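To start, the structure itself, in structure tokens.
These figures come from a predicted structure and were not determined experimentally. Values below: every heavy atom of this structure, side chains too, minus hydrogens, waters and symmetry copies. Counting starts at 1 for both ligands and their atoms, in listed order.
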Amino acid sequence: MISVTETSAGEPLFHLRAGDASYVFSVFHGYLLHLYCGPAVGEDDLEYLLVRVGHDSVVPRPFDTSETWFSLDIAPQEIPAYGTGDYRPSALMIRHGAGGKLTPGSTAVSVRYLSHEILPGKPPIPGDIQPAVRANEDEADTLIVTAEDPASGVRFRLYYTAMRSLPVILRRTAVENASSAPLDLLRIASASLDFVSPVEPAELLHLWGTWGRERHTERTPLCHGTVSVSSRRGASSHHHNPFAALVSSRTDERSGPAVGISLIYSGNFEILADVDPFGSLRLSAGIDPTGFSWRLDPGEVFVSPEAVIAVSGEGLGKMSRALHRLFRDHLCRGKWAERSSPRPVPVNNWEATYFRFDADKLVSIAKEAADCGIDMLVMDDGWFGRRNDDRSSLGDWVVNEEKLPGGLKPLSDRIHGLGLKFGIWFEPEMISPDSDLYRAHPDWALHTEGRPLSVARNQYVIDMTRPDVRDWLFGAISAVLSSARIDYVKWDFNRNLTEAASLSLPEERQGEIFHRFVLGLYDLLGRVTAAFPDILFEGCSSGGGRFDPAMLYYSPQIWTSDDTDAMERLDIQLGTSFCYPPSSISCHVSASPNHQTGRETSFLTRGHVAMAGVFGYELDLTKLTAEEKELARKQAEESRRIWPLVRNGDFYRLILPSDTVNGKTGRCAAWMFVSEDRSEALVTFVSIRASIHPVYFLRLEGLDPDARYEIEETGEILSGSTLMNAGLNLTKNRRDGESVVIRLKKTPVREG
Ligand code: DGJ
């Protein structure tokens, strides 16, 4: 719901109610001032939220006013602009070109309100191809504020969508060059919010990592100055994720304030939290400005990626569950993202064979898979060109007939003949220097003429900014996908951009390369997914190097990490769950000892951990013992049975490995799924390192306190309130790496 009233000065005052959250801003002398973002506030109290703080006389004022408190350097703003008196990090910076009213090369800009409109639902932005949340007229309301920079004539359209049943606000900014001179956009945040009385002491929770250890959580206290996370790699990256949450030091899973901010973007991003000397806190998210510029000729429009703001007054768990619902129900698309679509349980041959496979080897794995009730065989890297290691052939998307005689069709037929689906691997955005494609088109590699080109994993990045290159890729991918029955595609991306320049762009547009690369990726993914709507796409980037909401728009699941060790996966998967739904977190049971860490973990525990997301296998099934095969059969069946809980239920993090339990950290982890109607729950507890005499009651969450639940394993019946307030008794010595899964079912309340 969005309401508009007037301030005492007769200017608009906007109240966006999203679920049980409020987002309030107003117009003051034409400036857009941010008043509030948090748990709901009373409709009649909105103007009260505008804090008029006095300040020293040296701060600039934009006009002569008796309101001596008013300075852009202090006022909480919606779209803080560079160069006109706000010295904090700007959401907007523009370099004005020659031929207009302003000094050519000057960079000051101002944003002043002109008008607004409110529309039901979430109308698409004309001409925009970027991934964005969708919502129909019953699910959301959208406010569009039109503003301008009076001196230059540049126009702005600020889009705000309030989800009706989720505490989520979506924001985007469109900049239209309505002036008569060209301009360069140098900085454009998708969302910027000022908190005048921030939660104190404030902290930023964010997700950091590297290859094989993606999305570990870190909470860092904010200081006077700026704390930021970003990527300048051309992808959202392993190193930081386009998500962070502003929390207080007392916020935990169940209580305390949390404002999550997530950017629906796969490229260079920056999320920052800046505290000024007055204690005002600015949180912003957008394209990373390093090296970025975007030329807008008169009449052209630039639309920012979409930012998601998720509000909770009751801890991080609630914030995550709001993001989970938003992403799985309003962002992921296609038939595989639907509520009722079960996802196939795959076996992927990467850790089974790496590059050493042929059709017969794959069929031998598929036969075992069929016997275990596994649904799909995925053929990973190495099926094309002369690719027997990672030194060649990216770009030569032609089947290697030495490995797969007769092409893909005979293999696909054999796999389907066993009753399995068949999937393949691609890495379309890359080109190997040792490839026929590169020999024919060396200019297709993204590079700077006259400068040596860095290699990473023996490969270059293809110039996705060029429509001719994308057309060629679409043709090559389509030819492969049409050549046989293919049910699944793993879309990989194994290096980041360097020496990035494109021969197709003029000098003044080279600063657009990184964003254009991402737009090119969206264009190609959009065309391929539309042309093959029945194929399930899985995102991947050397594991989880591009695990972001924009990729979820095209692929409802993403390979989470190349570290498949079950103990390592606890941090990775639970960290990922802060922003992303378990139904997007791809998790496979791999071999023991684990290929990345050498650690031995039981088959049972590997299965329990992998069932925290989209379940599958990544090992040579022909090497399983009879006992392991029997377990695999049960696991595949169980994962299908619990899929509705994973897809549609609520996820609760109960213990993180980094939590202190009885004075020690790194000892255990626990989580649970609860069905939407609270009739069913699944609790998983993992002992990472054994402890002597662990007396342990695990407090559950999300159950109906008044209902009684039967513990399937023991037949005990306990009330929801007991299980949530006193806890589930897990007292038992458990070895290193031992795990337990407990299923709860609501029973009819008994008399007496
Ligand atoms: C990186 C991926 O994360 C792996 O799963 C595998 O597909 C390799 N690439 C193949 O090169």
### Task
Find out whether the Lys NZ or Arg CZ of R485 is both under 6.0 angstrom from the six-membered ring centre of F422 and within 45° of the ring's axis.
no
Taken in chain and number order and not counting sequence neighbours, the residues that satisfy salt bridge (Lys or Arg N to Asp or Glu O under 4.0 Å) with R343 are none
Paired with T564, the side-chain hydrogen bond (donor to acceptor under 3.5 Å, both in side chains) test is passed by just one of E618, H588, E351, R606, namely E351
Is it the case that more than 12 heavy atoms not belonging to K335 sit under 6.0 Å from its NZ atom?
-> yes
Check this for me, if you would: do R215 and D571 make a salt bridge, where the nitrogen-to-carboxylate-oxygen distance has to be below 4.0 angstrom? no
Those residues with a heavy-atom separation under 4.0 Å from ligand 1 are W350, D380, D381, W425, R457, K490, D492, N494, C540, S542, G543, W559, D562
Under a 3.5 Å distance rule, please check whether N268 uses its side chain to pair with a backbone N or O of G234 as donor and acceptor.
yes
